[in-house]
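Let me begin by presenting the structure, written as C-alpha coordinates, before commenting on it.
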Amino acid sequence: MRSFPIIPIWMMIVICLFLFFMILKNKNKNIRHIVIVILLFIINMRFMIPSGNSIVLANNLDVLFVIDSTISMNAEDYNGTNTRLSAVKKDCEYIIRSLNGARFSLITFSNEAKVMLPYTKDINTSIEAIDVIEPVSSLYAKGSSLNIPIDSMINSLKSSKQSQDKIRIVFYISDGEITTNEKLKSFKGIQSYVDNGAVLGYGTSKGGYMKDKSYYDEDSEYIMDYTGTNFKKAKSVIDEDNLKKIADDMNVDYIHMDNQNKISYKIREIERMADEGVESSDKSTYDDIYYIFVIPLLILLILEFNDFRRKNI
(Lines give C-alpha, C1' and ligand atoms only; values in the text may rest on other atoms or scores of the structure.)
Protein backbone atom coordinates (compact mmCIF):
# COMPACT_ATOMS: atom_id res chain seq x y z
CA MET A 1 0.00 0.00 0.00
CA ARG A 2 1.17 3.50 -0.84
CA SER A 3 -0.02 6.94 0.14
CA PHE A 4 -0.03 10.25 -1.77
CA PRO A 5 -1.49 12.85 0.66
CA ILE A 6 -3.56 15.57 -0.98
CA ILE A 7 -2.37 18.13 1.57
CA PRO A 8 0.66 17.64 3.88
CA ILE A 9 0.06 15.11 6.66
CA TRP A 10 1.20 17.47 9.41
CA MET A 11 -1.26 20.10 8.21
CA MET A 12 -4.13 17.60 8.08
CA ILE A 13 -3.31 16.47 11.62
CA VAL A 14 -3.55 20.07 12.82
CA ILE A 15 -6.88 20.50 11.03
CA CYS A 16 -8.29 17.26 12.45
CA LEU A 17 -7.17 18.13 15.99
CA PHE A 18 -8.87 21.49 15.63
CA LEU A 19 -12.07 19.78 14.43
CA PHE A 20 -11.93 17.31 17.33
CA PHE A 21 -11.54 20.22 19.72
CA MET A 22 -14.62 21.90 18.22
CA ILE A 23 -16.56 18.64 18.47
CA LEU A 24 -15.72 18.26 22.18
CA LYS A 25 -16.91 21.81 22.83
CA ASN A 26 -20.20 21.17 21.01
CA LYS A 27 -23.05 20.20 23.32
CA ASN A 28 -24.68 18.27 20.47
CA LYS A 29 -21.58 16.21 19.69
CA ASN A 30 -22.07 12.60 18.64
CA ILE A 31 -20.07 9.70 17.25
CA ARG A 32 -21.03 10.69 13.72
CA HIS A 33 -18.96 13.87 13.95
CA ILE A 34 -15.91 11.93 15.04
CA VAL A 35 -16.31 9.41 12.21
CA ILE A 36 -16.59 12.27 9.67
CA VAL A 37 -13.26 13.72 10.80
CA ILE A 38 -11.59 10.30 10.68
CA LEU A 39 -12.91 9.72 7.16
CA LEU A 40 -11.61 13.13 6.07
CA PHE A 41 -8.15 12.20 7.33
CA ILE A 42 -8.22 8.82 5.56
CA ILE A 43 -9.41 10.35 2.27
CA ASN A 44 -6.65 12.97 2.44
CA MET A 45 -4.04 10.21 2.80
CA ARG A 46 -5.11 8.92 -0.63
CA PHE A 47 -4.14 5.32 -0.06
CA MET A 48 -3.36 3.15 -3.09
CA ILE A 49 -3.18 -0.64 -3.27
CA PRO A 50 -1.27 -2.93 -5.67
CA SER A 51 -3.35 -3.89 -8.69
CA GLY A 52 -0.95 -6.39 -10.25
CA ASN A 53 2.42 -6.70 -11.94
CA SER A 54 3.22 -5.23 -15.33
CA ILE A 55 5.67 -5.58 -18.20
CA VAL A 56 7.36 -2.28 -18.90
CA LEU A 57 9.79 -1.01 -21.48
CA ALA A 58 13.24 -0.15 -20.20
CA ASN A 59 15.85 2.26 -21.50
CA ASN A 60 18.82 4.11 -20.09
CA LEU A 61 17.09 7.47 -19.52
CA ASP A 62 16.83 9.09 -16.10
CA VAL A 63 14.30 11.94 -16.29
CA LEU A 64 14.18 14.48 -13.47
CA PHE A 65 11.20 16.85 -13.22
CA VAL A 66 11.82 19.97 -11.13
CA ILE A 67 8.46 21.72 -10.69
CA ASP A 68 7.71 25.13 -9.22
CA SER A 69 4.83 24.74 -6.74
CA THR A 70 4.67 28.33 -5.52
CA ILE A 71 1.31 30.11 -5.47
CA SER A 72 2.05 31.91 -8.76
CA MET A 73 1.66 28.58 -10.59
CA ASN A 74 -2.06 28.96 -9.88
CA ALA A 75 -2.17 32.02 -12.15
CA GLU A 76 -4.97 31.68 -14.70
CA ASP A 77 -3.24 32.66 -17.94
CA TYR A 78 -2.69 29.43 -19.85
CA ASN A 79 -4.77 29.28 -23.04
CA GLY A 80 -7.40 31.54 -21.54
CA THR A 81 -8.11 31.05 -17.86
CA ASN A 82 -6.54 27.63 -17.25
CA THR A 83 -3.97 27.59 -14.48
CA ARG A 84 -0.29 27.15 -15.24
CA LEU A 85 -0.07 24.14 -12.94
CA SER A 86 -2.96 22.33 -14.65
CA ALA A 87 -1.08 22.69 -17.94
CA VAL A 88 2.16 21.49 -16.31
CA LYS A 89 0.44 18.31 -15.11
CA LYS A 90 -0.91 17.49 -18.57
CA ASP A 91 2.40 18.24 -20.27
CA CYS A 92 4.37 16.14 -17.79
CA GLU A 93 2.01 13.22 -18.31
CA TYR A 94 2.58 13.58 -22.05
CA ILE A 95 6.35 13.52 -21.51
CA ILE A 96 6.17 10.49 -19.21
CA ARG A 97 4.01 8.47 -21.57
CA SER A 98 6.18 9.45 -24.55
CA LEU A 99 9.37 8.37 -22.74
CA ASN A 100 7.88 5.18 -21.28
CA GLY A 101 10.75 2.95 -20.20
CA ALA A 102 12.75 5.73 -18.57
CA ARG A 103 13.18 6.19 -14.84
CA PHE A 104 11.38 9.28 -13.53
CA SER A 105 11.98 11.38 -10.45
CA LEU A 106 10.25 14.48 -9.10
CA ILE A 107 11.40 17.47 -7.07
CA THR A 108 8.99 20.27 -6.17
CA PHE A 109 9.97 23.61 -4.71
CA SER A 110 8.17 26.44 -2.93
CA ASN A 111 9.33 27.34 0.58
CA GLU A 112 11.72 24.40 0.31
CA ALA A 113 12.70 21.71 -2.15
CA LYS A 114 11.16 18.27 -1.68
CA VAL A 115 12.01 15.00 -3.39
CA MET A 116 8.46 13.80 -3.99
CA LEU A 117 9.44 10.75 -6.00
CA PRO A 118 12.74 8.85 -6.22
CA TYR A 119 13.70 7.37 -9.60
CA THR A 120 11.14 4.79 -10.71
CA LYS A 121 10.05 3.12 -13.96
CA ASP A 122 6.43 2.99 -12.82
CA ILE A 123 4.70 5.52 -15.07
CA ASN A 124 1.41 5.37 -13.14
CA THR A 125 3.15 6.27 -9.90
CA SER A 126 5.08 9.04 -11.68
CA ILE A 127 1.91 10.54 -13.14
CA GLU A 128 0.11 10.28 -9.80
CA ALA A 129 2.96 12.03 -7.97
CA ILE A 130 2.76 14.98 -10.35
CA ASP A 131 -1.03 15.01 -10.42
CA VAL A 132 -1.29 15.61 -6.65
CA ILE A 133 1.01 18.66 -6.63
CA GLU A 134 -0.74 21.67 -5.12
CA PRO A 135 0.73 25.15 -4.61
CA VAL A 136 1.59 26.11 -1.07
CA SER A 137 -1.11 28.21 0.59
CA SER A 138 -0.52 31.96 0.78
CA LEU A 139 -0.79 31.56 4.57
CA TYR A 140 2.53 29.72 4.55
CA ALA A 141 4.19 31.09 1.42
CA LYS A 142 7.53 32.84 1.91
CA GLY A 143 7.86 34.23 -1.60
CA SER A 144 9.20 32.72 -4.83
CA SER A 145 12.84 31.81 -5.30
CA LEU A 146 14.21 29.83 -8.22
CA ASN A 147 17.40 28.93 -6.33
CA ILE A 148 15.80 26.60 -3.78
CA PRO A 149 16.04 23.31 -5.73
CA ILE A 150 19.69 23.63 -6.85
CA ASP A 151 21.20 21.40 -4.13
CA SER A 152 18.43 18.80 -4.44
CA MET A 153 18.92 18.72 -8.21
CA ILE A 154 22.66 18.12 -7.86
CA ASN A 155 22.13 15.35 -5.30
CA SER A 156 19.54 13.64 -7.51
CA LEU A 157 21.68 13.85 -10.64
CA LYS A 158 24.76 12.63 -8.77
CA SER A 159 22.85 9.54 -7.67
CA SER A 160 21.86 8.93 -11.28
CA LYS A 161 25.44 9.42 -12.48
CA GLN A 162 26.56 6.49 -10.34
CA SER A 163 25.13 4.34 -13.14
CA GLN A 164 27.60 5.04 -15.92
CA ASP A 165 25.24 4.13 -18.74
CA LYS A 166 22.47 6.51 -17.69
CA ILE A 167 21.50 9.51 -19.80
CA ARG A 168 20.33 12.29 -17.49
CA ILE A 169 17.42 14.46 -18.61
CA VAL A 170 16.17 17.50 -16.66
CA PHE A 171 12.93 19.41 -17.10
CA TYR A 172 13.01 22.55 -14.94
CA ILE A 173 9.45 23.92 -14.88
CA SER A 174 8.48 27.37 -13.61
CA ASP A 175 7.08 30.80 -14.44
CA GLY A 176 10.45 32.35 -13.61
CA GLU A 177 9.03 34.76 -11.06
CA ILE A 178 11.16 35.82 -8.07
CA THR A 179 9.34 37.60 -5.25
CA THR A 180 12.03 37.42 -2.56
CA ASN A 181 15.08 39.63 -2.15
CA GLU A 182 17.30 36.88 -3.52
CA LYS A 183 19.10 37.24 -6.81
CA LEU A 184 19.12 34.37 -9.28
CA LYS A 185 22.10 32.11 -8.62
CA SER A 186 24.13 30.33 -11.27
CA PHE A 187 22.96 26.86 -12.35
CA LYS A 188 26.26 26.13 -14.11
CA GLY A 189 27.23 23.66 -11.40
CA ILE A 190 24.44 21.41 -12.68
CA GLN A 191 25.56 21.48 -16.32
CA SER A 192 28.08 18.64 -16.04
CA TYR A 193 25.37 16.28 -14.75
CA VAL A 194 22.83 17.02 -17.53
CA ASP A 195 22.83 15.35 -20.94
CA ASN A 196 19.64 16.90 -22.28
CA GLY A 197 16.34 18.41 -21.24
CA ALA A 198 14.75 21.83 -21.19
CA VAL A 199 13.59 24.70 -19.06
CA LEU A 200 9.83 24.96 -19.58
CA GLY A 201 8.28 28.37 -18.98
CA TYR A 202 4.60 28.85 -18.15
CA GLY A 203 2.65 32.10 -18.05
CA THR A 204 2.25 35.23 -20.14
CA SER A 205 3.63 38.75 -20.16
CA LYS A 206 0.08 39.96 -19.60
CA GLY A 207 -0.08 37.87 -16.44
CA GLY A 208 -2.88 36.16 -14.60
CA TYR A 209 -4.77 36.30 -11.32
CA MET A 210 -4.35 33.54 -8.73
CA LYS A 211 -6.82 31.75 -6.52
CA ASP A 212 -5.75 30.49 -3.12
CA LYS A 213 -7.23 27.19 -2.00
CA SER A 214 -8.60 27.23 1.52
CA TYR A 215 -7.70 24.31 3.79
CA TYR A 216 -10.83 24.91 5.89
CA ASP A 217 -13.55 24.80 3.23
CA GLU A 218 -14.05 24.18 -0.47
CA ASP A 219 -14.04 27.84 -1.47
CA SER A 220 -11.12 29.46 -3.28
CA GLU A 221 -10.66 33.20 -3.46
CA TYR A 222 -8.38 35.39 -5.54
CA ILE A 223 -5.26 36.62 -3.80
CA MET A 224 -5.36 40.35 -3.23
CA ASP A 225 -2.59 42.92 -3.59
CA TYR A 226 -2.65 45.22 -0.57
CA THR A 227 0.47 47.22 -1.43
CA GLY A 228 -1.29 50.32 -2.78
CA THR A 229 -4.05 52.58 -1.67
CA ASN A 230 -6.48 50.77 -3.96
CA PHE A 231 -6.70 47.06 -3.20
CA LYS A 232 -6.81 44.86 -6.27
CA LYS A 233 -6.32 41.26 -7.31
CA ALA A 234 -2.66 40.22 -7.32
CA LYS A 235 -1.23 39.35 -10.71
CA SER A 236 1.66 37.06 -11.63
CA VAL A 237 3.71 37.65 -14.80
CA ILE A 238 6.18 35.26 -16.40
CA ASP A 239 9.85 36.25 -16.20
CA GLU A 240 11.47 34.65 -19.24
CA ASP A 241 14.83 36.34 -18.65
CA ASN A 242 15.33 34.27 -15.49
CA LEU A 243 14.25 31.07 -17.22
CA LYS A 244 16.52 31.67 -20.21
CA LYS A 245 19.44 32.31 -17.83
CA ILE A 246 18.82 28.96 -16.10
CA ALA A 247 18.60 27.21 -19.48
CA ASP A 248 21.88 28.80 -20.62
CA ASP A 249 23.60 27.80 -17.39
CA MET A 250 22.50 24.16 -17.75
CA ASN A 251 23.15 24.20 -21.52
CA VAL A 252 19.62 23.08 -22.38
CA ASP A 253 16.85 24.64 -24.45
CA TYR A 254 14.34 27.14 -23.12
CA ILE A 255 10.77 26.46 -24.31
CA HIS A 256 7.86 28.80 -23.63
CA MET A 257 4.94 26.41 -23.15
CA ASP A 258 1.66 27.71 -24.49
CA ASN A 259 0.96 24.55 -26.47
CA GLN A 260 1.85 20.93 -25.77
CA ASN A 261 3.26 20.51 -29.27
CA LYS A 262 6.11 22.86 -28.30
CA ILE A 263 7.81 19.97 -26.46
CA SER A 264 7.42 17.38 -29.23
CA TYR A 265 10.74 18.08 -30.93
CA LYS A 266 12.58 17.76 -27.62
CA ILE A 267 10.96 14.40 -26.90
CA ARG A 268 11.98 13.08 -30.33
CA GLU A 269 15.52 14.33 -29.68
CA ILE A 270 15.66 12.52 -26.33
CA GLU A 271 14.17 9.34 -27.80
CA ARG A 272 17.02 9.19 -30.30
CA MET A 273 19.50 9.22 -27.40
CA ALA A 274 17.91 6.28 -25.60
CA ASP A 275 19.27 2.76 -25.70
CA GLU A 276 16.07 0.72 -25.51
CA GLY A 277 15.40 -2.84 -24.45
CA VAL A 278 12.60 -4.75 -22.78
CA GLU A 279 12.55 -6.17 -19.28
CA SER A 280 9.95 -7.60 -16.94
CA SER A 281 9.09 -5.48 -13.94
CA ASP A 282 8.15 -7.19 -10.68
CA LYS A 283 6.83 -3.93 -9.29
CA SER A 284 3.12 -3.63 -8.82
CA THR A 285 0.90 -1.01 -10.36
CA TYR A 286 -1.38 0.79 -7.91
CA ASP A 287 -5.04 1.83 -7.85
CA ASP A 288 -6.73 4.57 -5.80
CA ILE A 289 -9.06 3.40 -3.02
CA TYR A 290 -9.93 6.78 -1.46
CA TYR A 291 -13.31 6.77 -3.23
CA ILE A 292 -14.35 3.83 -1.02
CA PHE A 293 -14.28 6.18 1.96
CA VAL A 294 -16.01 9.01 0.12
CA ILE A 295 -19.29 7.05 -0.03
CA PRO A 296 -19.78 6.68 3.76
CA LEU A 297 -18.61 10.26 4.21
CA LEU A 298 -21.32 11.52 1.85
CA ILE A 299 -23.93 9.43 3.65
CA LEU A 300 -22.91 10.85 7.03
CA LEU A 301 -22.90 14.41 5.67
CA ILE A 302 -26.41 13.93 4.26
CA LEU A 303 -27.62 12.64 7.64
CA GLU A 304 -25.92 15.58 9.35
CA PHE A 305 -27.59 18.01 6.95
CA ASN A 306 -31.01 16.45 7.57
CA ASP A 307 -30.55 16.72 11.34
CA PHE A 308 -29.49 20.33 10.99
CA ARG A 309 -32.54 21.13 8.85
CA ARG A 310 -34.97 19.46 11.27
CA LYS A 311 -33.55 21.38 14.23
CA ASN A 312 -33.89 24.68 12.38
CA ILE A 313 -37.45 23.91 11.29
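Values in this document were obtained by computation on a predicted structure and should not be read as measured data. Below, all heavy atoms of this structure are taken into account, side chains as well, without hydrogens, waters or symmetry copies.
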Any sub-3.5 Å donor-acceptor pair from Asn147's side-chain atoms to Lys185's backbone N or O?
-> yes
For residues Ile169 and Ile167, determine if any side-chain heavy atom of one lies less than 4.5 Å from a side-chain heavy atom of the other.
-> yes
Is Arg46 salt-bridged to Glu128, going by a charged N under 4.0 Å from an acidic O?
-> yes
Between Phe109 and Tyr172, ring centroids under 6.0 Å | yes
Just wondering, do Leu61 and Arg168 contact through their side chains at under 4.5 Å, heavy atoms?
-> no
Backbone N/O of Gly203 and side chain of His256: donor-acceptor pair under 3.5 Å = yes
What pairs with Gln191 under side-chain hydrogen bond (donor to acceptor under 3.5 Å, both in side chains), at least two apart in sequence or on another chain?
-> none
Check whether any side-chain heavy atom of Asp91 sits under 4.5 Å from a side-chain heavy atom of Leu200, and report yes or no.
-> no
State, yes or no, whether a side-chain contact exists between Ile173 and Asp68 at a heavy-atom distance under 4.5 Å.
-> no
Is the shortest distance from a Lys or Arg side-chain nitrogen in Lys206 or Asp77 to a carboxylate oxygen in the other one below 4.0 Å?
-> no
Could you tell me which non-hydrogen atom of Gly197 sits nearest to which non-hydrogen atom of Val252, and how far apart they are?
-> O-CB, 3.6 Å
Looking only at non-hydrogen atoms, find the nearest pair between Gly201 and Ile238 and report the distance.
-> C-CD1, 4.0 Å
Does Lys89 NZ have over 12 foreign heavy atoms under 6.0 Å away?
-> yes
List the steps and the verdict of side chain to side chain donor-acceptor pair (under 3.5 Å) for Asn251 and Lys188.
-> CA-CA 8 Å; Asn251 195 30; Lys188 287 186 177 179; over 6 Å; no
Steps toward salt bridge (charged side-chain N to carboxylate O under 4.0 Å, His left out) verdict (Asp249, Lys245) = CA-CA 6 Å; Asp249 284 352; Lys245 177 65 167 56; 2.9 Å; yes
Between Arg268 and Glu271, is a salt bridge (charged side-chain N to carboxylate O under 4.0 Å, His left out) present by the stated rule, with each step listed?
-> CA-CA 5 Å; Arg268 290 193 297 271; Glu271 285 175 330; over 6 Å; no
pair Ile270-Leu99: side-chain heavy atoms closer than 4.5 Å = yes
Min side-chain heavy-atom separation Ile255-Val199 under 4.5 Å = no
Does a side-chain N-to-carboxylate-O contact under 4.0 Å join Lys211 and Glu221?
-> no
May I ask you to test the Leu106-Val115 pair for a side-chain heavy-atom distance under 4.5 Å?
-> no
What distance separates Lys183 NZ from Asn242 CG, expressed to the nearest 0.5 Å?
-> 12.5 Å
Check whether any side-chain heavy atom of Ser156 sits under 4.5 Å from a side-chain heavy atom of Tyr119, and report yes or no.
-> yes
Side chain Asp175, main chain Val237, donor-acceptor under 3.5 Å | no
Could you tell me whether Lys244 and Asp248 have a side-chain N and a carboxylate O separated by less than 4.0 Å?
-> no
Short N-O contact, Glu93 and Arg97, less than 4.0 angstrom = yes
Say you draw a straight line from OG of Ser236 to CD of Glu76; how long is it, rounded to the nearest 0.5 Å?
-> 11.5 Å
